[in-house]
S.K.: 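This is the structure I have questions about; it appears just below.
Computed from heavy atoms alone, side chains included, the values below leave out hydrogens, waters and symmetry copies.
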Amino acid sequence: MLDITRDEQVIVGTCATGLLNVGLSWGSARIVTGGSGPDAADKALIDVMANEDLAGRYSEIVLVSGDHGFAPSVRALRAAGVPVTVASWRGQLSPILSASASRVLVLEDLLSPTTYTKAA
């Protein structure tokens with residue numbers, strides 16, 4: 001399970017149109033935006049992963065996404081010695097991302113259907 005504690009940093013990527021909703025939902029998180037358009041949230045998170053020395057600052061990274069576009073960033077973090085756990089819905093988990101991760105958590109296996117609502 002992903003138990004987030006107070007000493008852990010959460011970074012949430014969003015597009016510009018989702019900024020208000022994400023901010024209201026994740027008030028204590030750092031929110032990054034990649035502007036608008038396809039993959040804007042992913043681009044914002046990939047930029048953080050590539051340019052903010054996460055390997056020097058953290059002992060582990062947890063990425064909640066199944067998108068294959070994160071695979072190069074995950075491989076780079078692992079090459080720098082940082083384990084990366086990927087958490088994703090089974091049907092949305094890219095095989096390339098799964099193979100790049102140190103560990104994979106399948107969300108359906110962790111949560112009962114009554115505790116979550118999947119976004120469309």
Side-chain angles (χ1 to χ4, degrees):
M1 188 55 108
L2 299 176
D3 296 317
I4 300 169
T5 64
R6 291 180 182 218
D7 62 335
E8 296 173 317
Q9 182 175 12
V10 175
I11 303 172
V12 179
T14 184
C15 65
T17 57
L19 188 57
L20 178 61
N21 287 336
V22 171
L24 293 173
S25 299
W26 285 93
S28 62
R30 175 179 168 208
I31 300 166
V32 295
T33 182
S36 59
D39 301 321
D42 294 352
K43 290 175 184 174
L45 287 174
I46 288 168
D47 182 64
V48 168
M49 294 169 83
N51 297 309
E52 294 194 11
D53 187 30
L54 299 185
R57 295 169 46 208
Y58 301 104
S59 60
E60 180 183 12
I61 304 293
V62 177
L63 173 66
V64 182
S65 177
D67 194 297
H68 71 281
F70 287 103
S73 299
V74 168
R75 285 193 300 271
L77 286 165
R78 288 196 60 207
V82 180
V84 180
T85 297
V86 169
S88 177
W89 301 108
R90 182 174 286 106
Q92 297 173 343
L93 178 59
S94 158
I96 295 169
L97 181 59
S98 179
S100 300
S102 308
R103 180 172 74 139
V104 174
L105 300 176
V106 178
L107 295 174
E108 286 95 337
D109 296 343
L110 299 175
L111 305 169
S112 80
T114 59
T115 62
Y116 66 86
T117 302
K118 283 176 49 175

S.K.: Should M49 and Y58 be regarded as members of a common hydrophobic cluster, given that ILVMFWY residues are connected when their side-chain heavy atoms come within less than 4.5 Å of each other, either directly or indirectly?
M.R.: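 Yes, M49 and Y58 fall within the same hydrophobic cluster.
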S.K.: Which value, rounded to the nearest 0.5 Å, describes the distance between L93 atom CG and H68 atom NE2?
M.R.: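 Reported value, rounded in 0.5 Å steps: 12.5 Å.
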S.K.: Is V32 reachable from L54 through a run of I, L, V, M, F, W or Y residues, each pair having side-chain heavy atoms under 4.5 Å apart?
M.R.: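 Yes, it is one cluster - the side chains of L54 and V32 are joined through contacts under 4.5 Å.
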S.K.: Kindly indicate whether the side chain of V104, heavy atoms from C-beta on, has any atom under 4.5 Å from the side chain of T85.
M.R.: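 No - every pair of side-chain heavy atoms lies 4.5 Å or more apart.
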S.K.: Ignoring hydrogens, what is the shortest heavy-atom contact between G35 and A40? Give both atom names and the distance.
M.R.: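 Minimum heavy-atom contact is O-CB, 3.6 Å.
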S.K.: Under the 3.5 angstrom rule, does the side chain of E8 hit a backbone N or O of T5 as a donor-acceptor pair?
M.R.: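 Yes, E8 side chain to T5 backbone: donor-acceptor pair under 3.5 Å.
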S.K.: For residues W26 and I11, determine if any side-chain heavy atom of one lies less than 4.5 Å from a side-chain heavy atom of the other.
M.R.: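 With C-beta onward as the side chain, the pair stays apart.
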S.K.: Ignoring hydrogens, what is the shortest heavy-atom contact between A80 and A55? Give both atom names and the distance.
M.R.: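 Shortest heavy-atom contact: CB-CB, 3.6 Å.
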S.K.: If you measure from CD on E108 to OG on S88, what distance do you get to the nearest 0.5 Å?
M.R.: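 If we round to the nearest 0.5 Å, E108:CD and S88:OG are 8.0 Å apart.
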S.K.: Do N51 side-chain atoms and D47 backbone N/O form a donor-acceptor pair below 3.5 Å?
M.R.: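 Flag set: sc N51 to bb D47 pair under 3.5 Å.
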S.K.: For the atom pair CG (L19) and OG (S36), what is the distance rounded to the nearest 0.5 Å?
M.R.: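 Spacing of CG (L19) from OG (S36) equals 12.0 Å.
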S.K.: Locate the shortest heavy-atom distance separating A101 from V86; write the atom from each residue and the value.
M.R.: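 Taking A101 first and V86 second, the nearest heavy atoms are CB-CG2, 3.6 Å.
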S.K.: Once salt bridge (charged side-chain N to carboxylate O under 4.0 Å, His left out) is applied, do any residues pair with D53, and if so which ones, sequence neighbours excluded?
M.R.: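 None.
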S.K.: Hey, does L63 have a side-chain heavy atom less than 4.5 Å from the side chain of V74?
M.R.: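 In short, these two side chains touch, coming nearer than 4.5 Å.
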S.K.: Would you mind telling me which of V84, I46, L97 makes a side chain to side chain contact (heavy atoms under 4.5 Å, CB included) with S73?
M.R.: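 Per the side chain to side chain contact (heavy atoms under 4.5 Å, CB included) rule, the option paired with S73 is I46, out of V84, I46, L97.
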S.K.: Do V82 and F70 share a hydrophobic cluster, counting only Ile, Leu, Val, Met, Phe, Trp and Tyr and linking them when any side-chain heavy atoms are less than 4.5 Å apart?
M.R.: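 Yes, it is one cluster - the side chains of V82 and F70 are joined through contacts under 4.5 Å.
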S.K.: According to a 4.5 Å side-chain heavy-atom criterion applied to Ile, Leu, Val, Met, Phe, Trp and Tyr, with indirect links allowed, do L107 and L105 form part of one hydrophobic cluster?
M.R.: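 Per the 4.5 Å side-chain linkage, L107 and L105 are co-clustered.
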S.K.: Rounded to the nearest 0.5 Å, what separation is found between the CG atom of D67 and the CG atom of D39?
M.R.: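 Here the interatomic distance stands at 6.0 Å.
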S.K.: Determine whether more than 12 heavy atoms belonging to other residues, nucleotides or ligands lie under 6.0 Å from atom CD1 of I96.
M.R.: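 No, because the 6.0 Å sphere around CD1 of I96 holds 12 heavy atoms or fewer from other groups.
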S.K.: Please step through side-chain contact (heavy atoms from CB on, under 4.5 Å) for the pair R78 and S100, ending with a clear verdict.
M.R.: CA-CA 8 Å; R78 288 196 60 207; S100 300; 5.8 Å; no
S.K.: Look at the side-chain heavy atoms of Ile, Leu, Val, Met, Phe, Trp and Tyr, link any pair under 4.5 Å apart, and say whether V48 and I61 land in one connected group.
M.R.: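 Hydrophobic grouping puts V48 with I61.
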